[in-house]
Amino acid sequence: MSVPVAPSTAAVHRAESAASPSTAKKSVFRPEIQGLRAVAVLLVVAYHVWFGRVSGGVDVFLLLTGFLITGSLVRTVQRHGRIRFLEFWSRLLGRLTPAAAVVLLGTLVATVLWLPRSRWRDVLADTLASALYYENWHLARNAVDYLARDDATSPLQHFWSLAIQGQSYLVLPVLVTVAALVARRSGRDVSVLVATLLGVVGTASLAYSVWITATDQAWAYFDSGARFWELAFGGVAAVLLPRLRLPEAVRAVLGWVGLTALVLCGIVLQVSTLFPGWIALWPTGAALLVIVAGGAGGRLGTGALLSWRPLMTVGDHAYALYLWHWPVLVVYLEISGRTLASPVGGLCVVAVSAALAASTKWLVEDGARRFTRTRATPAWALLVAAVCLAPVGAAVGGGGAYLDRQEEIRRELAADPANYPGALVLVENSGSGPAPTAPEGVPVLPYPTEADLDRGDNQGAGGCHLSFDATEVAVCEDGPADAEHTIVLVGQSHAAHWYTALRDASLSQGWRLVTMTKDACQFSTEPSYRGEEEYTECGVWNEGAMRIIADLRPDAVVTTATRSSAGNGESVLDGYTQRWRELDAMGIPVIGIRDTPRMGFDTSDCVARHLDDLDRCTTDFHRSLAERPPYETAAGVPQSTEFLDLSDYVCPDGRCPAVIGNVMVYYDDSHMTATYSATLAPIVEAEIRRVTGW
């Protein structure tokens with residue numbers, strides 16, 4: 001889990017000194033907080049790289065952000081009577097933007113060099129969201145699982161926490177200003193009013209966080225409202241802790257309790273699935289204990305450890321290290337094909353990230369500060385931010401225009417069917433001329449980024465393919481109602497992906513096609529299961545489908561005849577044959593289509609990665625299919641049941657490629673694209689005519 005890196009205590013100290021040199025002594029530099037930042041960053045990096053878990057560091061840094069910024073704002077009000085909003089925001093932009101912009105540009109370059117084209121547009125969208133501090137909402141809308149180590153992981157999604165930090169910089173000054181206005185009118189202590197206001201707002205945020213985490217944890221994880229209580233409570237601590245008086249021995253013990261609890265948080269708790277509700281009080285409370293301890297205990301206290309010079313150095317580089325470690329890790333995982341770094345690979349990731357962080361700190365962060373040191377005005381700070389962000393905006397705009405043009409070219413090529421023969425390249429010469437060939441240099445269709453949408457009209461809006469929860473059968477019809485022959489397509493998603501081929505074949509011959517399909521619901525008499533629980537919705541749907549078929553009395557029912565599985569092999573379920581016998585008793589013949597293979601990988605991602613070497617996106621026929629179709633030896637198959645084995649058109653010569661005739665065969669690991677299904681229409685038509693005699 002990424003961390004929104006709070007401004008270092010040194011940075012806050014420098015900012016206050018610049019704002020009011022004569023009163024700078026009132027701002028106390030606390031080295032143990034800098035060390036706490038270092039510990040949190042090191043935990044985050046280690047947990048990300050080697051353990052695939054999150055550490056709770058994000059919560060520590062949000063707390064520190066509230067602690068440091070609120071303390072700075074309150075002191076500003078006490079000195080000057082008000083907050084100079086433009087100066088405050090411009091100074092933050094001028095300090096945070098240069099390093100972030102360099103990382104964004106570096107990540108865009110790495111994306112072009114090492115990430116598949118299918119992810120380029122998503123990275124561009126993440127870049128814009130990160131630059132404008134709304135990446136958390138962008139991820140929340142997309143329901144992203146931050147810990148999912150799959151091929152869709154964005155190298156920039158760690159900016160979500162920086163976005164929450166940026167949004168807090170808009171809210172905290174306003175809240176402190178409100179408290180200052182009330183204090184001016186009432187004559188009360190502004191610090192007490194700030195603590196009261198932040199306490200009320202923070203309590204409301206925590207209550208909301210508990211509710212939304214229980215209701216929709218994936219959304220809550222990125223929700224600023226569900227996180228703001230951590231900043232607010234940090235602000236309350238900044239105001240009230242100076243008033244707290246505890247014996248030094250007690251503070252020393254609390255410091256070690258807090259540091260130990262922080263280190264153990266990611267080990268004991270599954271942060272990614274539990275936070276940010278009430279349980280996030282663990283890491284935030286642990287950090288508060290460390291802050292309360294301060295330097296208590298001398299050389300035996302946590303303050304001595306956290307003030308250790310190496311940790312202080314890491315704390316100085318925490319922001320840059322935070323920015324770089326995640327994109328470096330994502331690129332490493334992409335190149336290595338791993339889901340988790342190896343011990344040596346992880347060390348390389350950390351080393352590269354540290355080197356980039358050190359370079360960014362010295363050249364960019366410190367360089368920008370040196371440049372503005374003698375130009376400490378809001379205008380100069382905003383100019384620095386604008387100059388840094390301009391190349392990012394240009395790269396996003398130019399990259400988007402390039403991808404739009406590539407899509408336009410692909411649409412123009414797709415308009416010519418000769419470019420995409422698909423399965424027809426496998427049709428032997430039958431007297432009507434040789435099989436078409438697939439022209440070289442043509443991009444695959446559908447393009448990997450769009451393959452998941454290529455599921456056929458029956459599975460789109462208003463289609464008849466139902467999701468898991470549905471029980472009432474939805475019926476789609478194609479072709480004339482008074483057709484000479486009526487076909488019913490029924491079954492699960494592996495039956496549904498034959499819809500386009502059957503529709504085109506039926507329209508060509510004037511047949512009527514009736515379609516009834518449902519997710520993961522075999523057309524069977526046996527109970528189905530989702531995990532360990534019975535899939536009762538499927539049983540209800542099956543009975544409804546049988547009633548409709550009995551009323552229709554179609555000339556044939558088309559469904560899947562086998563079930564492929566990489567783990568258990570290919571089989572004919574007993575419930576299949578029982579269902580076929582029920583239809584046979586009604587005088588309705590069945591046409592069973594042999595199941596398609598399981599590729600074992602997401603073909604869209606593989607093709608996107610290996611557009612220049614598609615042979616790498618191939619699997620063996622026998623990985624999930626039997627040597628001979630199991631229905632040839634299955635017991636109880638009625639004579640009225642006929643079978644279609646179209647395996648040669650998806651797995652020619654015993655190999656199952658992801659692309660045939662320039663057309664992607666699957667949109668995931670086993671479901672056929674509608675585009676490829678359409679190229680099978682002439683073949684399906686001929687096979688149905690063969691087994692029926694129509």
Side-chain angles (χ1 to χ4, degrees), residues 1-5 35-62 103 106-107 110 114-115 139 144-162 221 258-276 279-280 282-283 286-287 290 305-306 308 310-311 313-361:
M1 193 60 55
S2 65
V3 292
V5 180
L36 182 59
R37 297 174 76 242
V39 170
V41 167
L42 291 174
L43 285 173
V44 166
V45 173
Y47 274 63
H48 264 164
V49 173
W50 285 294
F51 305 112
R53 293 171 63 91
V54 290
S55 63
V58 62
D59 307 277
V60 174
F61 275 89
L62 286 173
V103 173
T107 303
W114 293 299
L115 299 190
L139 295 174
V144 169
D145 176 3
Y146 190 84
L147 266 194
R149 293 297 178 83
D150 56 26
D151 295 309
T153 303
S154 167
L156 292 174
Q157 67 185 42
H158 66 313
F159 269 77
W160 72 269
S161 48
L162 189 61
Y221 205 94
L259 189 59
T260 303
L262 175 59
V263 173
L264 292 177
C265 178
I267 299 174
V268 176
L269 302 177
Q270 184 53 269
V271 177
S272 63
T273 59
L274 297 175
F275 281 38
I279 204 164
W282 178 319
V290 174
L305 172 64
L306 296 176
W308 185 38
L311 275 183
T313 300
V314 173
D316 286 339
H317 292 76
Y319 179 53
L321 181 59
Y322 150 70
L323 289 174
W324 277 117
H325 88 281
W326 184 256
V328 172
L329 175 61
V330 169
V331 170
Y332 160 79
L333 295 176
E334 176 66 33
I335 294 173
S336 65
R338 300 176 63 92
T339 57
L340 200 63
S342 66
V344 174
L347 286 174
C348 292
V349 169
V350 173
V352 171
S353 301
L356 290 170
S359 301
T360 303
K361 173 71 165 59

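Bear in mind the structure is a predicted one, so any value in this text is a computation, not a measurement.
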Side chain to side chain contact (heavy atoms under 4.5 Å, CB included) against Ala354, all qualifying residues, sequence neighbours excluded =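 By the side chain to side chain contact (heavy atoms under 4.5 Å, CB included) rule, Ala354 matches no residue at all.
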Trp50: side chain to side chain contact (heavy atoms under 4.5 Å, CB included) partners, not counting sequence neighbours =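 In terms of side chain to side chain contact (heavy atoms under 4.5 Å, CB included), with neighbours along the sequence ignored, Trp50 is linked to Ala46, Leu347, Val350.
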Could you tell me whether the side chain of [Y] reaches within less than 4.5 Å of the side chain of [X], counting heavy atoms only?
X: Phe275; Y: Val54; answer: no
X: Leu42; Y: Leu311; answer: yes
X: Val41; Y: Phe61; answer: yes
X: Leu262; Y: Leu36; answer: yes
X: Tyr332; Y: Ser342; answer: yes
X: Leu115; Y: Pro155; answer: yes
X: Ser353; Y: Leu321; answer: yes

Nearest 0.5 Å please: distance from the [atom1] atom of [X] over to the [atom2] atom of [Y].
X: Trp324; Y: His158; atom1: CH2; atom2: NE2; answer: 9.0 Å
X: Gln157; Y: Trp326; atom1: CD; atom2: CH2; answer: 5.5 Å
X: Leu264; Y: Ser55; atom1: CG; atom2: OG; answer: 12.0 Å
X: Leu269; Y: Leu274; atom1: CG; atom2: CG; answer: 6.5 Å
X: Trp282; Y: Asp59; atom1: CH2; atom2: CG; answer: 13.0 Å
X: Thr313; Y: Lys361; atom1: OG1; atom2: NZ; answer: 9.5 Å

Minimal non-hydrogen separation, [X] against [Y], with atom names:
X: Val330; Y: Ser154; answer: CG2-O, 4.1 Å
X: Gly56; Y: Cys265; answer: CA-SG, 4.4 Å
X: Val349; Y: His325; answer: CG1-O, 4.3 Å
X: Ala357; Y: Ala320; answer: O-CB, 3.5 Å
X: His48; Y: Leu340; answer: O-CD1, 4.4 Å
X: Gly315; Y: Ala38; answer: N-CB, 3.6 Å

Under the side chain to side chain contact (heavy atoms under 4.5 Å, CB included) rule, what do Leu356 and Val103 come out as? Steps first, then yes or no, please.
-> CA-CA 9 Å; Leu356 290 170; Val103 173; over 6 Å; no
Which class fits the ring pair Tyr47 and Phe51: parallel under 30°, tilted 30 to 60°, perpendicular over 60°?
->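 Rings of Tyr47 and Phe51: perpendicular, as their planes differ by over 60°.
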Test log, rule side chain to side chain donor-acceptor pair (under 3.5 Å), inputs Tyr319 and Thr360 | CA-CA 10 Å; Tyr319 179 53; Thr360 303; over 6 Å; no
Are any side-chain N or O atoms of Arg338 and backbone N or O atoms of Leu333, one a donor and one an acceptor, separated by less than 3.5 Å?
->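 The answer is no, because no donor-acceptor pair under 3.5 Å joins these two groups.
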Sidechain-backbone polar pair: Trp160 side chain, Leu139 backbone, donor-acceptor under 3.5 Å =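 Not a single qualifying donor-acceptor pair exists.
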